[in-house]
Every structure is written in C-alpha cells, then in structure tokens.
S.K.: 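After the structure tokens below, expect a handful of questions from me.
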Number of protein chains: 2
Amino acid sequence: MPAASAPRPDRSTEIAAALRDAIVTGRLLVGDRLPSEAELAEQYGVSRPTVREALKRLAAQSLIRTRRGATGGAFVNHLSFEAAQAQQITTSTLLLSMNAVGFETACEARFAMERACAPLACARRQEAHLDRMRAEIARQSDPALSDEDFCASDVAFHRALVDAAGNPVLSYQLAGAVEAMQPLMNMITFTARDRARIVELHEAIAGAAETQSARACDAALSALERYTRELGSAVMARRAAQQR
Amino acid sequence: MPAASAPRPDRSTEIAAALRDAIVTGRLLVGDRLPSEAELAEQYGVSRPTVREALKRLAAQSLIRTRRGATGGAFVNHLSFEAAQAQQITTSTLLLSMNAVGFETACEARFAMERACAPLACARRQEAHLDRMRAEIARQSDPALSDEDFCASDVAFHRALVDAAGNPVLSYQLAGAVEAMQPLMNMITFTARDRARIVELHEAIAGAAETQSARACDAALSALERYTRELGSAVMARRAAQQR
DNA sequence: CCCCGTTTAATTGTCTGACAATTGGAAGTC
DNA sequence: GACTTCCAATTGTCAGACAATTAAACGGGG
C-alpha cells in the first residue's frame with residue numbers, strides 16, 4: 001500500500017462538504033434556500049436521514065438555519081460576528097485545554113494582540129467606550145464582588161478597550177482569544193487575587209485611552225502583562241511545590 | 001406573551017449541547033468513548049437517528065470522531081491546532097464576505113495583529129524561519145509565477161514570520177486571520193500587481209528579522225500596510241468609476 | 001370588494017425497524 | 001503457539017410512516 005489512502009468518507013460527510021463548498025464559494029448566497037431534504041436525497045441518491053445528518057453538520061457551523069412549515073427549509077445563514085465569535089470561543093477554549101497550552105504562552109499571545117489594538121483604541125475611542133471602562137473599574141473596586149464577577153468584569157473591561165479600536169474584525173478576533181483564555185486567567189486570579197493592583201493598572205489603561213496617549217496605554221498594558229505573568233509563575237511554583 | 005420565548009430547540013440540538021458541555025467542562029476527556037448510539041438513545045429517550053444527528057453536529061466541530069466495528073463508537077477527539085485553524089479559517093472567511101467587511105477594515109486588523117508578533121518574531125526567529133522567508137521571496141521574484149501562486153507565497157511568507165514568534169497560540173490566531181483575508185487581498189493584487197515593490201518590502205521584513213531589529217521590522221510592516229492600503233483604495237476608486 | 005377564519009399542502013422533526021459494512025476479539029483448528 | 005474462521009458489537013444507510021409547524025390558498029360573511 002503506497003499511501004494510507006484516507007478511508008472513504010461517509011456519504012453524509014461528502015454531501016456536507018459539497019454544500020459547504022457551494023456556500024463558501026458563493027454558489028449559494030445568504031438567504032438562499034437549499035432544496036428540500038427530499039430533493040437533496042434524490043439529487044445525491046441517498047435517503048433522507050443521510051441528508052439530514054449532512055444538514056446538521058452545516059447547522060453546527062452556523063452555515064445554515066432551518067425552518068419548518070410550508071415555506072420552510074434550510075437557508076444559507078447570515079453569519080453574524082456574534083455567532084462566529086461564540087464558535088471561535090468554544091474552539092479556542094478546547095484547543096487551549098486539550099493541548100495543555102501553558103499560562104506563559106497564552107498570556108503572551110493575549111497581551112501581544114491586545115497591545116496591537118491599543119493605539120487604534122486610543123485614537124478612536126468614544127465616550128461610550130470610556131464609560132464602559134470606568135463602569136467596570138467601579139465594579140471591580142467593590143470588595144463585595146465575587147471572584148467570578150470580578151473576572152467577568154475584567155473581561156468586559158478589556159473588551160471595551162478592544163471595541164474602542166472601532167474595528168469589528170479586530171474585536172471579533174480579540175474577543176474570541178481573550179474569552180478563550182479566561183479559564184486559565186481565572187485559575188490565577190482566584191488563587192492570588194491582588195485586586196487593588198489590577199484595578200490600579202486598569203485605571204492607568206483607561207486614563208491613557210482618555211488622554212489618547214498610545215504610549216502610556218502600551219506601557220500600562222505591558223505593566224499589566226508583567227504583573228499577570230508574575231502572578232502566574234508564583235501560582236505555578238506553589239502548585240509544583242504542592243505536588244512534590 | 002412578555003418575552004418572545006426562544007422556540008424550543010430540537011432534541012438533537014439539546015443532546016448535542018449536553019454532550020458538548022460534558023466535553024468542554026472536562027467530564028469527558030480526550031480519548032474517552034461515548035456511550036453507543038443505542039445507549040444514548042435510551043438515556044435521552046429518543047430514537048437513534050436523533051442521537052446520530054446530535055453526534056454529527058459534534059463531529060462537524062471536530063469534537064468527536066467515530067469508528068465502526070466491534071470496539072468502535074464515538075470518541076472525544078484531540079483538537080489539534082491544525083483542525084482548529086481550519087475551522088477558524090472557514091468561519092472567518094465566511095464572516096468577512098457575508099458582512100461585507102471593507103478592505104480598509106480587514107487590512108487594518110490584519111496588520112495590527114501581525115505587528116503584534118513582529119517583536120517576538122525578531123527576538124526568537126530560528127534559521128528555519130529565515131530560510132522559509134527567503135525561499136518565499138525567491139519564489140515571488142520569479143516573473144513566471146502565476147497570480148495565484150504569488151498570493152499563496154505571500155501568505156506563506158507572512159505565516160513564516162508569525163511562526164517565528166514561537167507562540168503556537170499566536171500562530172493559530174494569526175494564521176486564521178491572515179488566511180481568511182486572503183480572498184480580499186487577492187482581489188487587490190490580481191488587479192494592481194506591482195510585485196517588485198511587495199518583494200522589496202518582504203526583503204526589508206526578512207532582513208529586519210535576521211538582524212533582530214524589531215523597530216526596522218515594524219517600520220517595514222507599516223510601509224507594507226501603507227502600500228497595500230494605497231493599492232486598495234486605488235482599486236476601489238477604479239471600481240467605483242466603472243460602476244458610474 | 002375586503003376582511004377573517006378554515007383548510008390544505010409543503011416541509012422539517014421524529015420514530016420504528018431493518019439491513020449492510022466494518023472491526024476487534026473469541027473460538028476453533030492445525 | 002500460530003493461524004483461520006466465525007461472531008458479536010457498532011456505526012452507516014435505507015424505507016416508510018406519522019407528528020408538528022407554517023404559510024398560502026380558499027371560502028364565507030360583512
């Protein structure tokens with residue numbers, strides 16, 4: 001056997017791939033209605049359950065949505081930024097946990113990307129973004145806030161910063177990445193929670209955004225990254241000591 | 001009716017969500033075997049086809065893989081960086097085309113992220129990365145290269161730069177983003193193809209990586225971004241003129 | 001002529017039961 | 001002990017049926 005020829009894929013896989021290709025290449029446009037399940041079954045020479053499995057695959061990727069009834073059927077879905085982001089988050093989260101991505105690596109990637117949009121955020125931030133950041137800082141300053149809510153507020157703060165860059169593509173990419181790393185981040189802040197220092201750095205970031213000082217913003221982000229990594233290595237060391 | 005209560009989801013959707021949750025939260029670990037379709041059907045009180053549709057949904061997200069035979073079944077899949085990236089690319093590509101993301105926006109996001117990992121790339125690049133970049137530059141210098149191959153080489157060059165940062169999470173995120181924007185980029189370079197200028201800028205980038213000069217690398221990337229955006233606006237203007 | 005309830009047809013969602021294909025292990029044989 | 005054969009478990013597929021849902025066609029009353 002020269003090359004381990006890939007095992008012949010299932011019919012439902014093939015059909016899903018064919019339809020996916022039709023959508024991605026634009027042969028099927030947003031809003032277009034796919035043939036009914038019965039018609040597809042006849043076209044591809046398979047039974048309805050097989051066609052349905054193919055359609056479910058596409059539905060899982062938000063490529064189509066289905067509606068019952070007389071004018072129902074499967075329609076090419078308009079992929080919203082939100083839906084795409086949700087998918088990216090689950091994928092990235094799983095990827096990070098399954099591949100045992102280290103805290104260092106995740107942290108580095110996250111801050112590198114966030115710093116990438118800091119200059120844009122400083123240049124274009126609107127009052128609404130500043131308000132969101134200030135509101136989250138206020139929440140974080142409340143000692144009664146639970147750990148979970150503190151972390152959620154942390155994410156919301158950084159999302160506001162990213163959104164301030166005014167680039168939906170950046171927001172989509174970044175928000176997915178930041179959100180995916182949340183579990184790892186939680187692991188740290190739950191154990192070593194010096195909230196005052198974090199709030200202080202958030203204030204520095206928000207202040208830099210307000211005065212539109214890209215350099216100050218970058219410096220504050222760098223400081224936050226350094227501090228986060230310090231926390232991380234401390235926690236890792238403690239954990240290693242416990243396992244010894 | 002106070003709030004338009006979300007229409008009750010399909011059983012297969014529910015079951016898929018339940019299993020997905022079990023995987024994401026770690027109740028099911030990589031390599032674990034899910035119950036057989038018949039068992040799942042009994043557990044959830046549905047028929048086998050319904051269970052199968054749920055499983056196909058998970059398979060579409062690469063969360064599980066199935067095998068036939070005596071010891072077969074559905075197993076929690078190890079999500080590789082490659083598989084995750086492939087998914088991200090199709091999602092992002094579709095997102096950009098469907099939401100009519102402008103060239104300016106896409107370009108800005110792409111270069112912002114790429115510049116984010118340039119300093120890391122300069123600091124950590126290995127000989128292998130430099131070789132890959134040089135090889136692509138050599139390819140691009142060949143006038144006989146087709147437009148398609150030139151664009152592919154362009155992508156490969158930038159991937160080499162990203163990979164040089166030595167952070168798999170960054171590579172994963174960036175490669176997905178860059179690859180997704182390729183169709184938009186192609187639209188430009190196919191029409192206004194001043195290859196010499198692009199190759200020149202690529203040489204500047206590779207040179208900066210070689211000498212580990214983060215500032216020079218950033219400058220070269222900025223120049224490439226400026227040039228690309230000039231091309232883009234020129235093409236857009238021409239297109240607008242044609243439509244008038 | 002217009003408005004409103006009813007019927008109807010189309011379509012997806014689900015069930016049942018069956019058979020084919022595949023694959024590893026168990027039983028049997030040399 | 002090694003090899004072959006058979007078997008059982010499991011997924012992949014099919015056919016047919018019925019329920020649920022939805023919009024459009026239809027028809028009656030004003």
Side-chain angles (χ1 to χ4, degrees), chain A residues 1 4-20 22-23 28 30-78, chain B residues 1 4-20 22-23 28 30-78:
Chain A
M1 205 192 303
S5 60
R8 190 165 73 70
D10 307 342
R11 292 293 281 130
S12 74
T13 307
E14 286 178 7
I15 296 170
L19 292 175
R20 179 160 36 235
I23 294 174
L28 286 170
V30 173
D32 281 359
R33 180 178 173 279
L34 274 65
S36 73
E37 295 175 355
E39 286 171 321
L40 285 173
E42 197 177 0
Q43 275 183 34
Y44 288 100
V46 299
S47 66
R48 240 191 90 202
T50 304
V51 167
R52 282 183 63 78
E53 287 178 9
L55 292 178
K56 293 311 169 197
R57 291 179 127 103
L58 300 183
Q61 296 179 307
S62 307
L63 291 185
I64 61 170
R65 65 182 184 286
T66 57
R67 239 180 30 214
R68 292 213 273 196
T71 60
F75 297 82
V76 178
N77 200 11
H78 176 89
Chain B
M1 206 191 302
S5 60
R8 191 164 72 71
D10 306 342
R11 293 293 281 131
S12 74
T13 307
E14 286 178 7
I15 296 170
L19 292 174
R20 179 162 34 236
I23 295 174
L28 286 170
V30 172
D32 281 0
R33 181 179 174 279
L34 276 63
S36 73
E37 296 175 355
E39 287 171 318
L40 285 174
E42 197 177 0
Q43 277 183 34
Y44 289 99
V46 297
S47 66
R48 241 191 87 204
T50 303
V51 167
R52 281 183 64 77
E53 287 178 8
L55 292 178
K56 292 312 169 198
R57 292 179 124 103
L58 300 182
Q61 296 180 307
S62 307
L63 291 185
I64 61 170
R65 64 181 185 286
T66 57
R67 240 182 27 216
R68 294 212 272 195
T71 61
F75 299 83
V76 179
N77 201 10
H78 176 89

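By convention in this document, chain letters (A, B, ...) are assigned in the order of the sequence lines, proteins followed by strands, and residues within each chain are numbered from 1. Reckoned from all heavy atoms, side chains included, excluding hydrogens, waters and symmetry mates.
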S.K.: Between dT12(C), dT13(D), dT10(D), which nucleotide has the shortest distance from any of its atoms to the side chain of Ser36(B)?
M.R.: dT10(D)

S.K.: Should Lys56(B) and Glu53(B) be marked as a salt bridge (charged side-chain N to carboxylate O under 4.0 Å, His left out) after you check the CA-CA gap, both sets of side-chain angles, and the distance that decides it?
M.R.: CA-CA 5 Å; Lys56(B) 292 312 169 198; Glu53(B) 287 178 8; over 6 Å; no

S.K.: What closest approach, in Å, do Ser12(B) and Ala54(B) show between heavy atoms, and which atom pair accounts for it?
M.R.: O-CB, 3.4 Å

S.K.: Please tell me if Arg68(A) has a side-chain N or O lying less than 4.0 Å from either OP1 or OP2 of dA23(D).
M.R.: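 False: Arg68(A) side-chain N/O out of range (4.0 Å or more) of dA23(D) OP1/OP2.
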
S.K.: Expressed as a whole number of angstroms, how long is the span from Glu39(A):CD to dA10(C):P?
M.R.: 11 Å

S.K.: For Glu37(B) and dT14(C), give me the distance from atom CD to atom P, rounded to whole Å.
M.R.: 16 Å

S.K.: So for atom CD, which belongs to Glu42(A), do other residues, nucleotides or ligands contribute more than 12 heavy atoms lying within a distance under 6.0 Å?
M.R.: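 No.
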
S.K.: Between the side chain of Arg48(A) and the main-chain N/O of Leu40(A), is any donor-acceptor distance below 3.5 Å?
M.R.: no

S.K.: Find the distance between CZ (Arg57(A)) and CD1 (Ile15(A)) and round it off to the nearest 0.5 Å.
M.R.: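 Reported value, rounded in 0.5 Å steps: 10.0 Å.
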
S.K.: With a non-hydrogen cut-off below 4.0 angstrom, is Arg65(A) in contact with a base, only sugar-phosphate, or nothing?
M.R.: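 Nothing: the residue Arg65(A), judged by heavy atoms under 4.0 Å, touches no strand.
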
S.K.: Return the value, rounded to whole Å, for the distance between atom CD of Glu14(B) and atom P of dT14(C).
M.R.: 9 Å

S.K.: Could you tell me the separation between the CZ atom of Arg52(B) and the OG atom of Ser47(B), rounded to the nearest 0.5 Å?
M.R.: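 Those atoms lie 11.0 Å apart.
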
S.K.: Report yes if a side-chain nitrogen or oxygen of Thr71(A) is closer than 4.0 Å to either non-bridging phosphate oxygen (OP1 or OP2) of dT11(C); otherwise report no.
M.R.: no

S.K.: dG12(D), OP1 or OP2 - any side-chain N/O from Ser12(A) closer than 4.0 Å?
M.R.: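 So the side-chain polar atoms of Ser12(A) never come under 4.0 Å of the phosphate oxygens OP1 or OP2 of dG12(D).
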
S.K.: Between dT11(D) atom C1' and Leu40(B) atom CG, what is the distance in whole Å?
M.R.: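 Distance check: Leu40(B) CG to dT11(D) C1' gives 13 Å.
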
S.K.: Any donor and acceptor pair, going by atom type alone, linking the side chain of Arg11(B) with main-chain N or O of Tyr44(B) inside 3.5 Å?
M.R.: yes

S.K.: Send over the distance from Ile64(A) CD1 to dT12(C) P, rounded to a whole Å.
M.R.: 10 Å

S.K.: Within residues 42-56 of chain B, which residues have any heavy atom lying less than 4.0 Å from an atom of DNA chain C?
M.R.: Gly45(B), Val46(B), Ser47(B), Arg48(B), Pro49(B), Thr50(B)

S.K.: Can you measure Leu58(B) atom CG to dT11(D) atom C1' for me and round it to whole angstrom units?
M.R.: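 Atom-to-atom, Leu58(B) to dT11(D), this comes out as 16 Å.
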
S.K.: Ignoring hydrogens, what is the shortest heavy-atom contact between Arg33(B) and Phe75(B)? Give both atom names and the distance.
M.R.: CB-CE2, 3.5 Å

S.K.: Check the interface with nucleotides 3-8 of chain D: list each N/O to N/O pair with the protein under 3.5 Å, or write none.
M.R.:
none

S.K.: Please report, to 0.1 Å, the donor-acceptor pairs under 3.5 Å made by any side chain of residues 63-70 of chain B, with sequence neighbours excluded.
M.R.:
residue  : atom : partner  : partner atom : Å
Arg65(B) : NH1  : Val76(B) : O            : 3.3
Arg65(B) : NH1  : Asn77(B) : OD1          : 3.4
Arg67(B) : NH2  : Thr71(B) : O            : 3.3

S.K.: Rounding to a whole Å, what distance do you find between Arg67(B):CZ and dT10(D):C1'?
M.R.: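 To the nearest whole Å, that distance equals 11 Å.
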
